[in-house]
Amino acid sequence: MKPIIKRCLIVTLIISFILLYAFLSYRFQAGFICVFYQFTGWYCPGCGIGRSVLSLLNGDWMQAFRYNVLLMPFIIPGVLLLLFTAWQYIKGVSPQDFLIFRITKRFGIPIAILLLVYGFLRNILDILAPTML
Amino acid sequence: MEQKNNFGLLLGLSIAEIICCCLPAGVVGLIMAIQANNAFRSGDYTTYDSKAKVARIALIIGAIVGIVINVLTFISNFAMIASSMGSY
């Protein structure tokens with residue numbers, strides 16, 4: 001099998017799995033759980049992002065912001081960036097040269113610090129907790 | 001052979017893990033990736049290799065834990081919903 005066809009199949013498989021998981025989660029309201037929250041009872045920086053996406057799909061922008069105010073504005077650019085990464089993978093670009101990893105190489109440390117501070121703050125400030133409006 | 005620095009890749013995966021899978025493993029991966037990058041920049045490739053390896057292992061363990069727990073929870077939720085639908 002040609003390498004490009006193999007890479008296309010892998011990307012198609014991953015996207016199909018994500019779409020199936022998203023559909024089943026949406027249909028049966030049994031979504032992605034946070035391992036950190038399950039074990040500690042504390043919110044992590046990503047808690048509420050799945051519910052935020054669902055609220056966004058339902059057109060409820062305010063509730064989407066309420067679930068995860070830091071990451072919600074980056075959902076659409078993030079999805080586009082992941083799709084571009086998939087395209088780079090299919091084209092055979094080396095992982096070190098993926099745009100997403102060049103961005104993280106440059107801005108990764110400030111992003112990680114921001115995420116960790118946000119994760120800490122949302123456990124002490126109720127306004128940042130992922131709850132209903 | 002020229003040594004390649006995987007800092008961007010390790011950092012990106014650590015951030016993804018902090019957001020999606022398992023915060024503690026993501027933080028370990030992040031710290032180890034930063035230490036590996038510092039070792040690479042000072043030319044200490046042996047330390048770079050060992051730190052990058054620890055970061056990779058932490059990220060793999062975190063991803064496996066996150067995926068396994070999510071899949072198990074999803075299956076149990078799905079089974080509960082299916083059984084409650086069947087009882088009508």
Side-chain angles (χ1 to χ4, degrees), chain A residues 17-18 20-25 27-40 42-50 52 68 70-72 74-75 78 81-82 85 94-120 123, chain B residues 2-38 40-41 52 55-56 58-59 61-86:
Chain A
F17 180 77
I18 291 170
L20 178 70
Y21 190 91
F23 171 73
L24 290 174
S25 301
R27 175 71 181 79
F28 296 104
Q29 299 292 315
F32 203 68
I33 64 150
C34 177
V35 178
F36 187 67
Y37 183 74
Q38 290 295 315
F39 283 102
T40 63
W42 298 332
Y43 299 120
C44 82
C47 275
I49 196 75
S52 185
N68 200 319
L70 181 72
L71 296 178
M72 185 266 168
F74 299 103
I75 290 173
L81 190 59
L82 287 176
T85 306
S94 161
Q96 279 95 358
D97 298 327
F98 285 172
L99 177 65
I100 194 165
F101 294 135
R102 279 191 299 181
I103 291 173
T104 52
K105 193 172 183 178
R106 201 177 172 111
F107 304 109
I109 295 175
I111 292 171
I113 292 170
L114 185 66
L115 281 171
L116 293 174
V117 170
Y118 175 66
F120 173 73
N123 284 293
Chain B
E2 193 191 342
Q3 182 91 16
K4 271 196 169 182
N5 190 356
N6 284 333
F7 179 58
L9 195 144
L10 290 173
L11 200 56
L13 293 176
S14 301
I15 291 171
E17 199 141 301
I18 286 172
I19 296 171
C20 299
C21 289
C22 185
L23 179 71
V27 172
V28 172
L30 178 75
I31 292 167
M32 288 296 150
I34 293 170
Q35 288 183 352
N37 187 47
N38 290 340
F40 187 88
R41 287 165 77 170
R56 271 199 296 273
L59 292 174
I61 290 172
I64 290 171
V65 168
I67 290 169
V68 166
I69 292 179
N70 263 290
V71 168
L72 290 178
T73 311
F74 186 78
I75 290 169
S76 71
N77 284 347
F78 192 73
M80 268 198 310
I81 291 165
S83 67
S84 68
M85 284 171 110

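Residue numbers start from 1 in every chain, and the chains themselves are labelled A, B, ... in the order their sequence lines are given, proteins ahead of strands.
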Interface moiety of [X] toward chain A, non-hydrogen atoms closer than 4.5 Å:
X	value
B/I34	side chain
B/V71	neither
B/L9	both

Check your understanding: Which one, A/I109, A/I103, A/I111, A/T40, leads in non-hydrogen pairs under 4.5 Å with chain B?
Key ->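 Of the candidates given, the most pairs with chain B belong to A/I109.
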
Practice item. Please collect all side chain to side chain donor-acceptor pair (under 3.5 Å) contacts where either partner lies in residues 94-104 of chain A, sequence neighbours excluded, each pair once. Key: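 Those involving residues 94-104 of chain A are A/S94-A/Q96, A/Q96-B/N6.
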
**Study point:** Distance in Å, B/N70 CG paired with A/Q38 CD, rounded so as to fall on 0.5 Å steps
**Key:**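 The distance works out to 9.0 Å.
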
Point to revise | Side chain to side chain, A/F39 and B/I69, heavy atoms closer than 4.5 Å | key: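 A/F39 vs B/I69: side chains touch.
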
Can you see which heavy atom on [X] is nearest to which on [Y], and at what distance?
X	Y	result
A/C44	B/I18	SG-O, 4.2 Å
B/P24	A/F36	CD-CD1, 3.8 Å
B/I15	A/G108	CD1-O, 3.5 Å

Review point. For A/I49, is it the side chain, the backbone, both or neither that has a heavy atom under 4.5 Å from a heavy atom of chain B?
Key: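 Neither part.
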
Practice item. Name all residues meeting the ring pair (Phe, Tyr, Trp, His ring centres under 6.0 Å) criterion together with A/Y37; count only those two or more places apart in sequence or in a different chain, and write none if there are none. Key: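 Once residues adjacent in sequence are excluded, the partners of A/Y37 under the ring pair (Phe, Tyr, Trp, His ring centres under 6.0 Å) criterion are A/Y43.
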
